[in-house]
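First the structure, in the form of structure tokens, and then the observations on it.
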Amino acid sequence: MKNLIRLTDYTKKDILKIFEIADSLQKGEYKNFLKNKTIVMFFPSSSIRTRITFEKGIHLLGGQTILFPPETLDKKEEIKDVIRYLNNWADAIVVRHSNIELLEKIAKYSDVPVINAMTDINHPCEVLSDLYSLSKIRSKYLSDKYLFCGRKCNIGLAWKEIADVMNLDFSQSCPKGYEMENVIVDYDIHSAICDKDIVCTDSLPKNVLYDFKEYQITAEIMEKANNGALLNPCPPFFRGEEVSASAIDSKYFVDYEFKKYLLEIQQAVLIYCLEHKLSIEE
């Protein structure tokens, strides 16, 4: 059975297959794939983009969703008992929870695919969607040079995961003390951005904003990147913090439609994991 907990559990072939399924979905294939299937979801009320695209995507495939807040998983009852009961009724489980170790425990006792909808250390579906969107607008997206400007966090670590799997040229720019392990780091944003094609950012907590004051991505800084370079800020982004208003209003910003494929990627991940389960059962 296939889960999606970490992108590094996948191969390049796996990820390209998910992209193929997303292409097929746009051609109208896989209609009613989830007919008579129930997807149990654990999401906080604050989730917007990820929850909408999972719920809508499941509905469009003919499936039913049952939604719980993630704190439901933190109660006294042991997680193995919760999941063993869910095995009776769920066809897949989608979880957004801070603790990835909890997702690993869920996957251990689950008879159905478990999909990671975000943890404190990664966000696999989000980054899968971004790379897929890039594949639609950049023919050489696998040979582009990627820069993550920000602290060690779930978005940066998810980009590292997919970079490791897809063998992307990936580096980081940040102040000392915020580095990701086993990633090339340039502490000078002005030199780091030179020769880069894709610049990614993530929002910053208030307590580190001062440390990152010299790392804000502006339209002026983006001019030092390669011709045709793109700025891909992970939403929610905040003008005047990790990115400037001028950068968001510039030609470099990937724009809001860039995220539209999140719908098909969420669907494709579910289809891929469920098809893998069916092939094993057969």
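We count residues from 1, following the sequence as given. Computation of the quantities below employed the complete heavy-atom set of this structure, encompassing side-chain atoms and omitting hydrogens, waters and symmetry-equivalent molecules.
- Counting heavy atoms of neighbouring residues, nucleotides and ligands inside a 6.0 Å radius, atom CD of E29 exceeds 12 of them.
- Between D130 and I162, every side-chain heavy-atom pair lies at or beyond the 4.5 Å cut-off.
- Between the side chains of N87 and Y109, no donor N or O sits under 3.5 Å from an acceptor N or O.
- For the atom pair F33 CZ and I58 CD1, the distance stands at 12.0 Å (nearest 0.5 Å).
- Looking only at side-chain heavy atoms (C-beta outward), F68 and V40 come within less than 4.5 Å of each other.
- Electrostatic pairing of K160 and E181 does not count as a salt bridge here, judged by no charged N lying under 4.0 Å from a carboxylate O.
- Atom NZ of K136 has more than 12 neighbouring heavy atoms from other residues, nucleotides or ligands inside a 6.0 Å radius.
- By the 4.5 Å heavy-atom criterion applied to side chains, I18 and Y132 are not counted as neighbours.
- Aromatic ring centres of Y261 and F258: separated by at least 6.0 Å.
- Cluster annotation: I93 is connected to I66 through the hydrophobic network of ILVMFWY side chains, with a link wherever side-chain heavy atoms come within less than 4.5 Å.
- For D197 and R138, the salt-bridge test passes: some basic side-chain N is under 4.0 Å from an acidic carboxylate O.
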Residue pair H97, N116: steps toward the side chain to side chain donor-acceptor pair (under 3.5 Å) verdict: CA-CA 8 Å; H97 193 282; N116 176 354; over 6 Å; no
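- Across all their heavy atoms, D91 and L274 have their closest contact at O-CD2, 3.3 Å.
- Of all the heavy atoms in L209 and L204, the pair that sits closest is CD2-CB, 3.8 Å.
- Applying the salt bridge (Lys or Arg N to Asp or Glu O under 4.0 Å) rule to pairs touching residues 233-243 yields nothing, sequence neighbours excluded.
- Crowding of I137 atom CD1: a count of heavy atoms from other residues, nucleotides or ligands under 6.0 Å exceeding 12.
- At a threshold of 4.0 Å, the pair E77-K75 counts as salt-bridged, since one of the basic side-chain nitrogens sits closer than that to a carboxylate oxygen.
- Counting heavy atoms from C-beta outward, D14 and D9 have side chains that stay 4.5 Å or more apart.
- The shortest non-hydrogen separation linking V269 to C125 is CG2-SG, 4.5 Å.
- Side-chain contact check for I115 versus N3: every heavy-atom pair is 4.5 Å or farther apart.
- Using modelled atom types and a 3.5 Å distance limit, the side chains of T119 and N122 yield a donor-acceptor pair.
- Shown here are the side chain to side chain contact (heavy atoms under 4.5 Å, CB included) partners of D120, two or more places apart in sequence or in another chain: S98.
- Heavy-atom minimum distance, F42 versus P70: CB-CA, 4.2 Å.
- In this structure, N99 contributes its side chain and E101 its backbone to a donor-acceptor pair below 3.5 Å.
- Side-chain heavy atoms closer than 4.5 Å link hydrophobic residues (I, L, V, M, F, W, Y) into clusters, and following such links, possibly through other members, connects I193 to L168.
- A side-chain donor-acceptor contact under 3.5 Å links D186 and S191.
- The closest side-chain heavy-atom distance from K259 to S133 is not below 4.5 Å.
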Between Q267 and Y30, does the side-chain contact (heavy atoms from CB on, under 4.5 Å) criterion hold? Intermediate values first, please. CA-CA 10 Å; Q267 292 177 311; Y30 292 99; over 6 Å; no
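- Neither side chain, Y146 nor D169, offers a donor N or O lying under 3.5 Å from an acceptor on the other.
- A heavy-atom distance below 4.5 Å is found between the side chains of C200 and I198.
- Around atom CD of E257, no more than 12 heavy atoms belonging to other residues, nucleotides or ligands sit under 6.0 Å away.
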Salt bridge (Lys or Arg N to Asp or Glu O under 4.0 Å), that's the test. Do K105 and E78 meet it? Break it down for me. CA-CA 10 Å; K105 288 181 181 178; E78 288 194 33; over 6 Å; no
Given side chain to side chain donor-acceptor pair (under 3.5 Å), test E161 with T8 step by step and report yes or no. CA-CA 6 Å; E161 286 182 7; T8 45; 4.8 Å; no
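- When the side chains of ILVMFWY residues are joined at heavy-atom separations under 4.5 Å, either directly or via intervening members, L102 and L4 end up in a single hydrophobic cluster.
- Atom NZ of K213 sits in a crowded spot, with more than 12 heavy atoms from other residues, nucleotides or ligands closer than 6.0 Å.
- Cation-pi geometry between K145 and F170 is not met: the NZ or CZ atom fails to fall both under 6.0 Å from the ring centre and inside 45° of the normal.
- Between the CD1 atom of I271 and the CD atom of E264 there is a distance of 10.0 Å, given to the nearest 0.5 Å.
- At least one side-chain heavy atom of Y215 sits under 4.5 Å from a side-chain heavy atom of S173.
- E179 and Y187 form a side-chain donor-acceptor contact under 3.5 Å, judged by distance and modelled atom types alone.
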